[in-house]
**Q** 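Next up is a structure, given as structure tokens.
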Amino acid sequence: MKKALILANSSAGLYDFRNEILTGLRDEGYEVVISLPDELKIKELKNEGFRIVYTEINRRGVNPIQDMALFRAYKALIKKEQPDIVLTYTIKPNIYGGFACRRLKVPYISTVTGLGTTFERGGILLKLIVTLYKVALKDCRCLFFQNEENRKKFENCGIRARKHITVNGSGVNLQKHYPEDYPGHKDDITRFLYIGRIMKEKGMDEYLEAARIISSKYPGKVSFAAAGYFDDDYELRVKEAEKAHYFKMIPFAQDIHPYIREADAIVHPSYHEGMSNVLMEASATARPVIASNISGCKEIVEDGVSGILFEPKNLDALTKALSRFMEMDTEHRREMGKAARRHVEQKFDRRSIILTYINEIKQIIK
């Protein structure tokens, strides 16, 4: 039996956005073994017949001792499992999994799910990351990108695998995320919702301040909420906003669809993205989206048609976009949501993206 080894840093991200790749490999006759550092979606993955191996990862820290331990752990795992192919996702699995695969001469493909904060901040850390990537991905059989800007950035930095392919993110499961009737709230309150990690790079500074400004401008007519978990030191600020009655924090939930269903629009003020899964899922649910005009968002949002794009890191631009939406009537908003669904149906059907991966794996194994 052929064997595929998956190296990833999040069971939730793997299950929610890439599960169809795993089941596709399983259905092609592969034994699928998954290396993960957490247990959030382990039960769901095991129920689908995948074997899980725990591997500790410090996702955000830069600690050479821990990173070398990760390299050694991946190397030992690959030696033990003897996979026919390895798939890696996100920065550390891509780098240290790539090192291990190169050392052991095992074919591997990697996916750049986003550039992360290092590429934005620059400096000596960026030089280090670029050097690591150059070495790690040199023998990568196929490097997948989720938008063209990320691909150009890598290629301009001299980071090159044997083959590069750009896909439309992870795509969206159009059956799981189905269109919902647009909400007709009896209280006449417009509900804005942010979904994701509560951190600076996701635009949380601008979102919190915009919530305060718009709530003052439209008293009793608007509600702002965020669904997710704290990844930076924002808990105190969010609690203060809740006490001031212009913001609500929704604890992390595995099924986010019910919250999207109740929202009038999804707001995504991120600074950088690979390809926003949140926007694809919101659009598939037939909700307008208000998002930063950046790669990873602008491909999903047709400005003025399925949503509104605004300049990132710009509070004034965000508040103007929110005010513009507040002035739209329900029918206009509903039509935006319908257009959002049509757009993802045409360009972001996950089935076509999975087929690209599976076909590439078949070619490599052949």
Side-chain angles (χ1 to χ4, degrees), residues 1-15 17-19 21-39 41-42 45-46 48-59 61-113 129 131-144 154 159-165 354 357-366:
M1 185 183 233
K2 294 172 290 186
K3 183 185 290 187
L5 174 62
I6 316 298
L7 307 181
N9 74 353
S10 165
S11 63
L14 194 67
Y15 182 79
F17 308 129
R18 300 172 184 99
N19 188 51
I21 293 179
L22 310 182
T23 56
L25 287 168
R26 181 197 64 195
D27 295 343
E28 288 287 335
Y30 283 80
E31 178 188 0
V32 178
V33 182
I34 306 171
S35 168
L36 289 166
D38 67 84
E39 299 183 354
K41 291 289 182 79
I42 294 298
L45 290 165
K46 284 183 175 179
E48 294 192 340
F50 310 130
R51 182 155 55 85
I52 311 299
V53 178
Y54 176 80
T55 306
E56 185 174 354
I57 299 177
N58 181 351
R59 289 176 58 183
V62 183
N63 184 314
I65 295 174
Q66 290 179 334
D67 290 347
M68 286 308 298
L70 178 61
F71 163 65
R72 289 193 295 269
Y74 281 153
K75 186 178 174 184
L77 179 61
I78 294 168
K79 277 185 174 181
K80 179 182 177 181
E81 295 294 341
Q82 295 291 304
D84 295 278
I85 192 159
V86 177
L87 282 69
T88 72
Y89 294 94
T90 68
I91 296 174
K92 291 197 175 183
N94 284 349
I95 290 175
Y96 298 105
F99 285 161
C101 289
R102 282 196 69 194
R103 179 69 62 88
L104 298 172
K105 295 180 169 53
V106 175
Y108 62 108
I109 67 175
S110 301
T111 299
V112 177
T113 57
I129 293 295
T131 300
L132 292 173
Y133 263 133
K134 284 180 178 179
V135 177
L137 298 176
K138 186 176 181 180
D139 291 331
C140 177
R141 297 296 185 89
C142 187
L143 181 59
F144 284 90
F154 263 53
I159 305 170
R160 294 182 180 274
R162 296 190 187 183
K163 182 178 183 179
H164 293 179
I165 292 178
I354 300 310
Y357 272 87
I358 298 297
N359 286 341
E360 196 61 35
I361 290 168
K362 285 180 178 180
Q363 291 297 319
I364 292 168
I365 296 299
K366 188 183 295 183

**Q** Can you confirm whether Thr113 sits close enough to Arg18 that some side-chain heavy atom of one is under 4.5 Å from a side-chain heavy atom of the other?
**A** yes

**Q** About how many Å separate CD1 of Ile21 and CG of Leu87, when rounded to the nearest 0.5 Å?
**A** 7.0 Å

**Q** Under 4.5 Å between any side-chain heavy atoms of Lys79 and Arg103, yes or no?
**A** no

**Q** Mind running side-chain contact (heavy atoms from CB on, under 4.5 Å) on Lys92 and Gln66 for me, showing each step along the way?
**A** CA-CA 11 Å; Lys92 291 197 175 183; Gln66 290 179 334; 5.7 Å; no

**Q** Just jot down the salt bridge (charged side-chain N to carboxylate O under 4.0 Å, His left out) partners of Lys163, sequence neighbours excluded, or say none.
**A** Glu360

**Q** Looking only at heavy atoms, which two atoms of Ile159 and His164 are closest? And how far apart?
**A** O-CE1, 3.8 Å

**Q** Taking ring pair (Phe, Tyr, Trp, His ring centres under 6.0 Å) as the test, write out the residues that go with Tyr96, two or more places apart.
**A** Phe99

**Q** Identify whether the distance between the nearest side-chain nitrogen and carboxylate oxygen of Arg102 and Asp139 falls below 4.0 Å.
**A** yes

**Q** Starting at CZ of Phe154, measure out to OH of Tyr133 and round the result to the nearest 0.5 Å.
**A** 4.0 Å

**Q** Do Ile109 and Thr111 have side chains that get closer than 4.5 Å, going by heavy atoms?
**A** no

**Q** Please tell me if the side chains of Leu36 and Leu45 come closer than 4.5 Å, counting only heavy atoms from C-beta onward.
**A** yes

**Q** Taking all atoms of both residues into account, what is the closest heavy-atom pair of Gly29 and Met1, and its distance?
**A** O-CG, 3.3 Å

**Q** Please report the C-alpha distance between Phe50 and Leu25 in whole Å, then the side-chain angles of each, then the deciding distance to 0.1 Å, and finally whether the side-chain contact (heavy atoms from CB on, under 4.5 Å) criterion is met.
**A** CA-CA 11 Å; Phe50 310 130; Leu25 287 168; over 6 Å; no

**Q** Roughly how far, to the nearest 0.5 Å, is the OG1 atom of Thr90 from the CD1 atom of Ile95?
**A** 9.5 Å

**Q** From the options Leu5, Ile361, Leu22, Ile358, select the one residue that forms a side chain to side chain contact (heavy atoms under 4.5 Å, CB included) with Tyr30.
**A** Ile361

**Q** For the CD atom on Glu48, are there more than 12 heavy atoms of other groups (residues, nucleotides or ligands in this structure) within a distance under 6.0 Å?
**A** yes

**Q** Would Tyr74 and Thr88 count as having a side-chain donor-acceptor pair, cut-off 3.5 Å?
**A** no

**Q** So, taking the atom named SG in Cys101 and the one named CG in Leu137, what distance separates them when rounded to the nearest 0.5 Å?
**A** 10.5 Å

**Q** Any side-chain heavy atom of Leu77 within less than 4.5 Å of one from Leu7?
**A** yes

**Q** May I ask you to test the Cys140-Asn94 pair for a side-chain heavy-atom distance under 4.5 Å?
**A** no

**Q** Which pair of non-hydrogen atoms, one from Pro93 and one from Asn9, has the smallest distance, and what is that distance?
**A** CG-N, 4.1 Å

**Q** With a sphere of 6.0 Å drawn around CZ of Arg162, does it hold more than 12 non-hydrogen atoms of other residues, nucleotides or ligands?
**A** yes

**Q** Do Tyr89 and Ile6 come within less than 4.5 Å of each other through their side chains, counting heavy atoms only?
**A** yes

**Q** Could I get the full list of side-chain contact (heavy atoms from CB on, under 4.5 Å) partners for Lys46, not counting sequence neighbours?
**A** Ile42, Ile52

**Q** When rounded to the nearest 0.5 angstrom, what distance separates NZ in Lys134 from CZ in Arg160?
**A** 10.5 Å

**Q** Looking at every heavy atom in both Ile57 and Pro37, which two are closest together, and how far apart are they?
**A** N-CB, 3.8 Å

